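Structure record follows, encoded as structure tokens.
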Amino acid sequence: KHGMRYAYMSDDITQLIESESGRRMIEGLNGAVGFLRAMCSMIGKIGDIQTRIINDSWMAVKTNEPDVIVFSPKSYQARHFAEKIGCKAIAAPLFPQHVPTATRPSLGFPRLGSFHGYNLYTYKIVRGISQLIAGSYIKKWRISHDLSPAFSGIDICHDTAGNSIPVINGYSKVLISPPKDYPENVHTCGFWFLQQATGWVPPIDLVEFLAQGPAPVYFGFGSMASVRSKRITAIIVEAVTRCECRAILATGWGGLSPER
């Protein structure tokens, strides 16, 4: 579909996120202390998952022999695959958490004004924790594939030798303006959309709802799971009631509760 071939990937990480412990872990990402606590709690839970993800994604690369690998920061192993097969790698983050800037802290950390040193250090913390979680698994993979165990850490802005690689931010400049200190290899190009289907027909109840009044406000948390979905939904309902506006709620992976 969309000109892309399918390659199998383990969904163990999805099952972890949807579990009670996974939801609590995601819930703990609120704030710097919560981020550190959540990341450290992951170390003992995703060892085997890391190994399966690396092996599955390597099989996809080896089977398709790409000229270039475009990867999400979650697929930190892609840079190592690119080194092994001798192709280019391009990072494609969907939110500003991994490219260092003195303008603002990494996503999840509190803003403390114009403390440039603090802002930059938050990105080092993210990289350090990522290295702690995934570094040993990447090292084992590199050794088993005749590559040097040494590499430049978990850094999506550079290849494994430390050279800059293209970084394409998949979000709008209107939503998040690019900082002036972003390096030349980092580009913010806007949101990406698949070619929309022409034969899709919306459900009749949705059509009727849209026709009955002003355009509604959309609420959704995508793949973000939560153990407090009912409370979050209650807050949204209260906000909609106070603003006297219409709304559409998307439950996603549990960020909102349909029961409310």
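These figures come from a predicted structure and were not determined experimentally.
Taking 4.5 Å as the limit, some side-chain heavy atom of Val167 sits within range of a side-chain heavy atom of Pro93. Using a 4.5 Å cut-off on side-chain heavy atoms (C-beta onward), Lys84 and Leu147 make contact. Between Tyr118 and Pro105, some side-chain heavy-atom pair lies under the 4.5 Å cut-off. Residues Arg127 and Pro100 have side chains in contact (heavy-atom distance under 4.5 Å, counting atoms from C-beta outward). Considering only heavy atoms from C-beta on, Ile54 comes within 4.5 Å of Tyr76 through its side chain. Considering only heavy atoms from C-beta on, Ile248 comes within 4.5 Å of Leu210 through its side chain. Counting only heavy atoms from C-beta outward, the side chains of Ser10 and Ile49 never approach each other to under 4.5 Å. Between Ile85 and Lys62, the closest side-chain pair of non-hydrogen atoms is not below 4.5 Å.
Within 6.0 Å of CD in Glu65 there are 12 or fewer heavy atoms belonging to other residues, nucleotides or ligands. No more than 12 heavy atoms of other residues, nucleotides or ligands lie within 6.0 Å of CG in Asp67, so this atom counts as exposed by the packing criterion.
Not one N or O on the side chain of Ser75 forms a donor-acceptor pair closer than 3.5 Å with the backbone of Gln77. Put simply, the side chain of Ser177 never gets that close to the backbone of Lys173: no donor and acceptor are under 3.5 Å apart. The main-chain N or O of Ser148 is found under 3.5 Å from a side-chain atom of Arg142 such that the two form a donor-acceptor pair. Proximity of a side-chain donor or acceptor of Asn163 to a complementary backbone N or O of Asp159 within less than 3.5 Å is not detected.
Atom CE of Met59 sits about 10.5 Å away from atom CZ of Phe81, to the nearest 0.5 Å. One distance of note links CZ of Phe109 with CD1 of Ile125; it measures 4.5 Å at 0.5 Å rounding. Between the CD1 atom in Ile90 and the CD1 atom in Ile156 there is a gap of 12.5 Å [rounded to 0.5 Å]. One distance of note links CG of Asn169 with CZ of Phe191; it measures 11.0 Å at 0.5 Å rounding. Atom CD1 of Ile165 and atom NE2 of His158 lie 8.5 Å apart (nearest 0.5 Å). Rounded to the nearest 0.5 Å, atoms CD1 (Ile154) and NE2 (His98) are 10.5 Å apart.
Annotation: Trp192 is not in aromatic contact with Tyr171 [ring centroid separation under 6.0 Å not met].
Among all heavy-atom pairs drawn from Asn185 and Cys157, the shortest one is ND2-O, 3.5 Å. For Ala89 against Val68, the heavy-atom pair with the smallest separation is N-CG2, 4.5 Å. Closest approach of Arg79 and Phe71 over heavy atoms only: CG-CZ, 3.6 Å. Scanning all heavy atoms of the two residues, the minimum distance from Arg104 to Tyr182 falls at NH2-OH, 3.8 Å. Residues Ser57 and Met9 approach most closely at N-SD, 3.6 Å, considering heavy atoms. Across every non-hydrogen atom of Ala60 and Ala7, the tightest pair is CB-CB, 3.5 Å.
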From CA spacing to verdict: side-chain contact (heavy atoms from CB on, under 4.5 Å), Phe221, Ile232
CA-CA 10 Å; Phe221 292 89; Ile232 295 173; 3.8 Å; yes
Assess the residue pair His80 and Ile138 against the criterion (side-chain contact (heavy atoms from CB on, under 4.5 Å)); give the C-alpha distance rounded to whole Å, side-chain angles, the decisive distance to 0.1 Å, and a yes or no.
CA-CA 8 Å; His80 306 273; Ile138 286 295; 3.4 Å; yes
Run the numbers on Ile176 and Phe95 for side-chain contact (heavy atoms from CB on, under 4.5 Å), then give the verdict.
CA-CA 9 Å; Ile176 305 174; Phe95 45 86; 6.0 Å; no
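The cluster map of Ile, Leu, Val, Met, Phe, Trp and Tyr, joined by side-chain heavy atoms under 4.5 Å apart, puts Val126 and Leu120 in different clusters. Under the 4.5 Å side-chain heavy-atom criterion for Ile, Leu, Val, Met, Phe, Trp and Tyr, Ile143 and Trp141 are members of distinct hydrophobic clusters. Trp200 and Ile204 fall into different hydrophobic clusters, where Ile, Leu, Val, Met, Phe, Trp and Tyr side chains are chained together by heavy-atom contacts under 4.5 Å.
The side chain to side chain donor-acceptor pair (under 3.5 Å) search around Arg242 returns Glu238, not counting sequence neighbours. Taking the salt bridge (Lys or Arg N to Asp or Glu O under 4.0 Å) definition, one finds that Arg52 meets it with Asp12, sequence neighbours left out.
Asn119 and His116 share no donor-acceptor pair across their side chains, judged by distance under 3.5 Å alone. Donor-acceptor pairing under 3.5 Å is recorded for the side chains of Thr101 and Asp181. Side-chain atoms of Trp58 and His145 include a donor-acceptor pair closer than 3.5 Å.
A cation-pi arrangement, defined by a distance under 6.0 Å to the six-membered ring centre and an angle within 45 degrees of its axis, is present between Arg246 and Phe209.
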